[in-house]
Amino acid sequence: IMKTRDRPNYRKKLVKTTTISVAVLVAAIMILSAIPTIATPVNTTKMNKIENKEILGDPTGLDPKLTEKSMLAPQQNFNVEPLGPLTDIMHGYIAYGGQEGPCYFPIADPGDITELAPTESAYFLAGGSWTCDEEWYGCEYNSGGLWKMDPDDGSMEQVGGGGTVCNGMGWDPVYNRMYGASSTGLYEYDIETGGQEFIGSFGLSGKTIIGLAFNLEGRAFIWDVLFSGTSTLWEVVDLTTGETEEVGSLGEPLVYAQDGAFDWGGETDDLYLTAYYSTGFLAVVDIETAELTNLGNLNMEITASMFVADCI
């Protein structure tokens, strides 16, 4: 039994203990209330658009040199798949309809053209190609001379050579060789000097070839310019002779200055054309059927077109 004289001491201890407990509780509440609330991610309109591929690649659409390292990483709880290589920017050379010279545009909105710099060549560059050495080359109309262009600032450097006008150029990513297509035959370019070597005729009587492009497997395709009827797509089945096989009709009479290229970093093996009929337009072509799909107006004649991409 506790003695009477001990009770005051007991109450002092009880009050002291209670005071400490309340202080600890108040401090804990203050600490917890200071911690920021972590919001649960929710699908936004922007992320839904990316999910539906309405926004392709870099959401700014302004970076002309895109690599796989720029890919958007999947975000936690967003259920967004990683996007493919960000080569959704196509480069080209404005031959007519704007400031003549190198340019680029997003394939999702081909009419949004950025002019990089005025030309430094006497005539427009008719054909062009990106290479596995990460260089952009073009061949000058009227001379066939070789030029090098910078896809970042549009500056141009004359390599020289030429002799025969080549309407199209294409880099073989398998054997690392540059080829040119005149109106009637196949040439190989020396990219160090611009020199040309004739390989052989396409054997297409009455046809005027306007473009040449290689896919990542080294398959080469050409197509013609035609003011009546419909243009045709061919595959160059023998690069040592220029022999061709018809793929099919493109369903459009493609006219005037134009070009095309494969997106080596893309998810499909389709050919993109910077084509022209009543106006300039971007088109994608199925190389197995020659079916052409219009992706939107360019409103300019764009040549020397290519994608900045790695030879994987």
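None of the values given here were measured: they were computed from a predicted structure. Only heavy atoms go into these numbers, but all of them, side chains included; no hydrogens, no water, no symmetry mates. Position 1 is the first residue of the sequence; numbering continues from there.
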For Q258 and L273, run side chain to side chain contact (heavy atoms under 4.5 Å, CB included): C-alpha distance rounded to whole Å, both residues' side-chain angles, the deciding distance at 0.1 Å, then the answer.
-> CA-CA 8 Å; Q258 56 191 280; L273 302 184; 5.5 Å; no
Residue pair T164, S182: steps toward the side chain to side chain donor-acceptor pair (under 3.5 Å) verdict = CA-CA 7 Å; T164 299; S182 71; over 6 Å; no
Note, [X] side chain near [Y] side chain (heavy atom, < 4.5 Å):
X	Y	result
D310	W264	no
F227	P253	no
F124	E301	no

Can you tell me how far apart [atom1] ([X]) and [atom2] ([Y]) are? Round to the nearest 0.5 Å.
X	Y	atom1	atom2	result
L186	E197	CG	CD	10.0 Å
T303	M169	OG1	CE	12.0 Å
M306	W171	CE	CH2	14.0 Å
Y272	D263	OH	CG	6.0 Å
F221	T244	CZ	OG1	12.0 Å
W130	D133	CH2	CG	9.5 Å

Looking at F262, Y175, Y179, which hits ring-ring contact (aromatic ring centres under 6.0 Å, His included) with F214?
-> Y179
In terms of hydrophobic clusters joined by side-chain contacts under 4.5 Å, are [X] and [Y] together?
X	Y	answer
V237	L233	no
I191	Y187	no
I287	L254	yes
Y141	I222	no
V165	L204	no

Nearest heavy-atom neighbours spanning [X] and [Y]:
X	Y	value
I113	P110	CG1-O, 3.3 Å
L125	M156	CD1-CE, 3.8 Å
L226	V255	O-CG1, 3.1 Å
L292	E252	CD2-CG, 4.1 Å
S305	A261	O-CB, 3.5 Å
I209	A181	CG2-CB, 4.2 Å

For the pair [X] (side chain) and [Y] (backbone), establish whether a donor and an acceptor sit closer than 3.5 Å, ignoring hydrogens and angles.
X	Y	value
D259	G92	no
S201	G185	no
E140	G145	no
D172	R177	no
N215	E217	yes
N167	I210	no
T274	I302	yes
W136	A304	yes

For atom [atom1] of [X], decide whether the heavy atoms of other residues, nucleotides or ligands shown that lie under 6.0 angstrom number more than 12.
X	atom1	value
E235	CD	yes
F198	CZ	yes
F202	CZ	yes

Any salt bridge between R219 and E288, counting N to O under 4.0 Å?
-> yes
Any chance you could lay out the side chain to side chain contact (heavy atoms under 4.5 Å, CB included) test for E115 and M300, step after step, and finish with the verdict?
-> CA-CA 12 Å; E115 299 171 340; M300 300 180 183; 4.3 Å; yes
Between Y189 and Y137, does the ring centroid distance fall short of 6.0 Å?
-> no
pair check: C166 + C139, SG-SG < 2.5 Å | no
Hey, are S155 and D153 close enough side-chain-wise for a donor-acceptor pair under 3.5 Å?
-> yes
Under 30°, 30 to 60°, or over 60°: which ring-plane class applies to Y276 and Y256, parallel, tilted or perpendicular?
-> perpendicular
Show your reasoning for whether side chain to side chain contact (heavy atoms under 4.5 Å, CB included) applies to I89 and V308.
-> CA-CA 8 Å; I89 299 295; V308 173; over 6 Å; no
Dump the intermediate steps for side chain to side chain contact (heavy atoms under 4.5 Å, CB included) on T208 and D224, then the final yes or no.
-> CA-CA 5 Å; T208 301; D224 66 334; 5.5 Å; no
